[in-house]
Amino acid sequence: RSLAAPSIFMPVGLPGVVVSGTGLQLAPQGVWKKILRPVAPHYDDKTHLRVLGASSAVESPGGPQDIQADSRPAAGEAKVSAHAKVPELRQPKTSRENLKRAAKGSNERPSSQDASPRLRLPETKAEECRARSIVPGWFGGLASSSRNETEGEMNLLASVFAGRPPVVFFDYDPRCNAAPRDYSRLLDRAEVQSMGISSLPQMFFCLQITRDVHEYNAVVNTFKFAGFERVNADSPKFAIYWGPHPAPEMLRGFNPFQRANHFPGSWQLGRKDLLGKNIYRMKRQFAKDYNILPSGFTLPEESAAWNQAREKNPNFLWIWKPINLSCGKGIRLFGSWIPPGVERKILQRAGIVQRYIDRPLLINGFKFDLRLYVVVTSFDPLKVYINSEGLVRLATQKYQCSPDSLDERTMHLTNYSVNKHAACYKQNLDSRAKGQEGRGSKAEDLEGEGEEADDGDMGDDNEDQEEANMGESSKWSLRQLEEYLTAQGVDYGELMSRIEDVIIKTLIAAEPQIVNTWHQGANFSTASPTPIQQVTPNQTCFEIYGFDVMVDDELQPWLLEVNVFPSLSSSSPYDKRVKTQLIADVFTLIGLMPYDHDVVDKACKGEQAKRLQGSARSLVIGRSHTVSSIKSASFKSFGEAEWRLILETHEENMRRGHLTRIFPREGSGFYNQFFSTPRYSNLVLERWIQLGGEQLRQRFSPDDEVIERDGLPLPVSFRAV
Ligand code: ADP
C-alpha cells in the first residue's frame, strides 16, 4: 500500500513519521526529541503521555524549508525532561489570575493592550505560508495576524502530543462563579512564538437568532471572554456558527477550520415523531435491547394500530403530546377508553401518543425527570460525552396513580412551566449549588425568565428558569439526586450506566440518517478524489443535546425526548454556572485551531483554482485495513490514517473539562450490532481500545532506550506515569 505523502499535514499528524512508498517507517531513533508534558486533572485521568516529538528528519514534499520540518524544540520541551517528575497541579489559594501565573510561571501572554512590538514571522516564511495550498491541516502561518482590541484575551491550549497544533482555550467567565479551570497547558508567549505564530489572529463567531435560537449570555459571554468578535451569519469569517441546523450545502462551503453547532440531520432526534420512528424501527429488530422509549404511535397516521393496542390492553394509561410543542403544552392523559369527542379532537392534530409510565421512581413521593446534557463531537466516528451536571425536575403534587387524578398536571407532568405557578412550588434562593464555594452571581447578571414559547417553538426555554432552587426545592442537581438515592440504597452508578446506555442507543438509532445528511455536506478533503478511502470526513459539526429521561420504580430509565435546542438561559446562579461551564467545555473540546480568516480564505481559493486546473495534489491518506480486517488488526499494521484518528480522539478527550466520554469506551464493541452500517472509523477506535487504548505503553530504560513495546510506532506512546 502506498501512502500519498502529506505536506502540511505532517506537524498535525504523527510527529516524526516518515511516509515512504511502502507505508509508515520510523525515523532513526536518535533524531527524536522527547517531551513529557504534564497533564492536569481537568484534562487527564492520571494518564500522562510521553510523545517523541517532531524533528527535522521528517521527510515531506516541501523539503527542509517546510514549516513542519522545522527543528525548533516543541513547546514545553525545554522545561521538562523525559524523566522529570510530573509536577502536581496545586489548587489555587488565591485569585484566578494568580493561578494562571502560578501554572505558567511569570510569563505574560500578549494581550490586545500589549504595547510591545508584535512578533513577526520572517517575511520569506510568511510568504511561503501564504503561497502554500490549504488542506485540512494547520501550521503557524495560518494563525498569524494582527488583532483588534476585543473584550477578552485569546489563550491557546497546547496539545498533549508534541508537534500537533494548539487549540483555542475557552475559560469560564468569572461572573459564572465556577471553580477556576486548569491553566497548566496554556501556552505562553514564547511557546506560541516557537510554533511560528507571530501574533494571535482575530477570531469570529456568529449567532443566527431565530424562533428556536435565542441569544444566551452563556454563549455570547464565553465567546467574548475568549476574545472572539461577533459577525453576521452571512459573513464568511466565523470560526463557529451558532444558529439553527445548517443545510449540507452550507457545510460544503466551510473551510477546514469552521464549525457549526448542529448536525444537519439531527431533527431525526429532536422531533418527537421522527425519534419514535427511529427507535421503534430498532425495537422491531432488537426488541429487548431497544425497550428504551415508552411504546407509542404517531397520530393520526397510526390511529388504527393505537386502537388495537387499547383493545388489547384496556388497563393501560396513555399520554398524548402535540408534535410541535414543548414545555408540557397541550399534553393530555387518559385511560384506554376515551370519550369519542376527545378522541376526535386528538386525531385532528399531529401528535404522538405513548404508553404512560405509571409507576415512576419518586423523590419524597414526587414524580421527577432528568435533563442531561449530551455532547456529540462527531457521528463518524461516533463520539459522545455527557456533562457531569444536569437537572432533576420535580412535580409539585405528591404522586398517586388513579384514573381520577389524570387531570392533575402538577402531579403527572414535571415541566417547570407547568409547576412554577403551583402554590407548593418550592423556591430556594441559594446562590450556589452544593459543594461550591464563593460569591453568588449578581442578580443583574442573570437573564430574565423569557417569554412563553409560541406554538411551534421547539426550544425549552421556559423549562430552566428556576435551577437556583436547590435543596428543599422543586429542582435538584444530579449531585443531590445521587445523595438522595444512595441514602435510599439505590446503586446510583448502575442507574447512570443504564441511562448512558439509553443515550448511546438513541444516538445509534438516528445515526444512519444523520451521517447520511452530514456526509452530503462534508468535503472529505479539499483535494480528495476518492473520499471513501479516508477514515473520517472533515469534522464540521458538534451538537449539545438535552436528553429528558424518566426512571420507573424498577430503576429502568425511559427516554422522553431529545431537545436539539436545550435552554441555555442563565436565569439563576446555578444554571448560569452549569451552562457557562458547559459551553466553555464544549468549545474547548471541539479543538478550534487558531487561524486567520484572510490567510485561510486565500489559500482555499488557491487550492480550488488548482483543482479546477487539475493540478491539485491528492492528499488522501488511505486506510490500512478494511472493515473486516481492522477487527483483528495488530497495532503494527495501523497506518497513518488510523493513528491520526486515534491521536485526535485521545487529544479531544484530554480537553473534556466536566464532560465524560461515554462512547467509545471500554466495552463499546457491544453496540456494533446496532449500527446499520459498520463504520471504519468506529472500528478503528474500538480496536484501539480493545488493544489497550490509553493504557498502552512503551517502556523505557533509565538511559532512555525503548525496552518493551506494544507494537506502537516509535513516535507515539501512551504511558501511565
Ligand atoms: P414536552 O416537550 O411538552 O415537555 P415531554 O415529552 O417532555 O413533552 O413530556 C412532558 C412531561 O410529561 C415530562 O416531563 C414527564 O413528566 C411527563 N411524561 C412524558 N411522557 C411520559 C410517559 N410516557 N410516561 C410518564 N410521564 C410522561
Side-chain angles (χ1 to χ4, degrees), residues 212 267 269-276 279-280 283 291-299 306 309 313 316-336 349-363 366-372 390-402 405-420 422 452-466 474-476 502 506 545-554 556-567:
D212 294 322
W267 284 110
L269 295 163
R271 256 180 55 183
K272 288 184 172 87
D273 54 339
L274 296 179
L275 176 73
I279 300 232
Y280 300 140
K283 195 174 171 185
N291 196 22
I292 58 173
L293 184 73
S295 45
F297 306 90
T298 306
L299 298 180
W306 181 40
N313 308 288
F316 279 11
L317 296 177
W318 301 91
I319 181 166
W320 178 86
K321 313 173 193 181
I323 277 179
N324 290 323
L325 295 186
S326 59
C327 306
K329 272 181 257 156
I331 288 184
R332 306 282 302 260
L333 264 69
F334 23 66
S336 279
R349 284 185 76 178
I352 58 152
V353 68
Q354 270 180 358
R355 185 171 173 195
Y356 186 68
I357 308 296
D358 57 0
R359 298 183 61 176
L361 185 66
L362 303 176
I363 294 179
F366 295 97
K367 178 173 168 174
F368 70 94
D369 79 347
L370 305 175
R371 158 56 56 91
L372 302 158
L391 304 171
V392 183
R393 302 175 292 200
L394 284 81
T396 43
Q397 241 190 100
K398 284 215 168 173
Y399 185 79
Q400 60 167 71
C401 194
S402 66
S405 76
L406 294 184
D407 288 336
E408 303 288 348
R409 289 166 67 78
T410 53
M411 177 188 291
H412 292 280
L413 307 187
T414 49
N415 303 78
Y416 166 70
S417 353
V418 170
N419 286 281
K420 66 181 172 184
E452 278 288 320
D454 295 324
D455 277 13
D457 188 340
M458 296 291 286
D460 64 351
D461 252 298
N462 298 311
E463 288 302 285
D464 283 11
Q465 307 298 329
E466 212 79 33
S474 300
K475 249 177 199 172
W476 284 18
V502 167
T506 303
Y545 298 107
F547 270 71
D548 290 348
V549 173
M550 243 187 81
V551 181
D552 69 20
D553 64 352
E554 290 179 356
Q556 177 170 357
W558 294 95
L559 178 68
L560 296 182
E561 68 168 334
V562 180
N563 213 301
V564 290
F565 295 109
S567 167

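Ligands are counted one by one from 1 in listed order, and the atoms in each one are counted from 1 as well. Note that the numbering runs from 1 along the sequence shown for the chain.
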> Are side-chain heavy atoms of W318 and W306 found at a separation under 4.5 Å?
Replying inline: yes
>> Would you say that L325 contacts R349 through its side chain, given a criterion of any heavy-atom pair below 4.5 Å between the two side chains?
In response: yes
Given that the side chain starts at C-beta and the backbone is N, CA, C, O, which of these parts of [X] lies under 4.0 Å from ligand 1, counting heavy atoms, or is it both or neither?
{"X": "T414", "result": "both"}
{"X": "K272", "result": "side chain"}
{"X": "R355", "result": "backbone"}
{"X": "I331", "result": "side chain"}
{"X": "C327", "result": "backbone"}

> Would you say R332 has more than 12 foreign heavy atoms packed within less than 6.0 Å of its CZ?
Replying inline: no
Out of all atoms in ligand 1, which are within 4.0 Å of some heavy atom of [X]? Include the element for each.
{"X": "D369", "value": "14 (O)"}
{"X": "N415", "value": "4 (O), 10 (C), 11 (C), 14 (O)"}
{"X": "L560", "value": "13 (C), 15 (C), 19 (C), 20 (N), 21 (C)"}
{"X": "P294", "value": "23 (N)"}
{"X": "H412", "value": "16 (O), 17 (C)"}

Is a side-chain N or O of [X] found less than 3.5 angstrom from the main chain of [Y], in a donor-acceptor match?
{"X": "N313", "Y": "S336", "value": "no"}
{"X": "Y416", "Y": "C327", "value": "no"}
{"X": "D548", "Y": "L560", "value": "no"}

>> Check this for me - ligand 1, K367, N or O atoms closer than 3.5 angstrom, yes or no?
In response: yes
> Y356 to ligand 1: N or O pair under 3.5 Å?
Replying inline: no
>> For D552, give me all partners under side chain to side chain contact (heavy atoms under 4.5 Å, CB included), at least two apart in sequence or on another chain.
In response: I357, E554, Q556, W558
>> I'd like to check the side-chain hydrogen bond (donor to acceptor under 3.5 Å, both in side chains) partners of D273; sequence neighbours left out, ordered by chain and number.
In response: R271
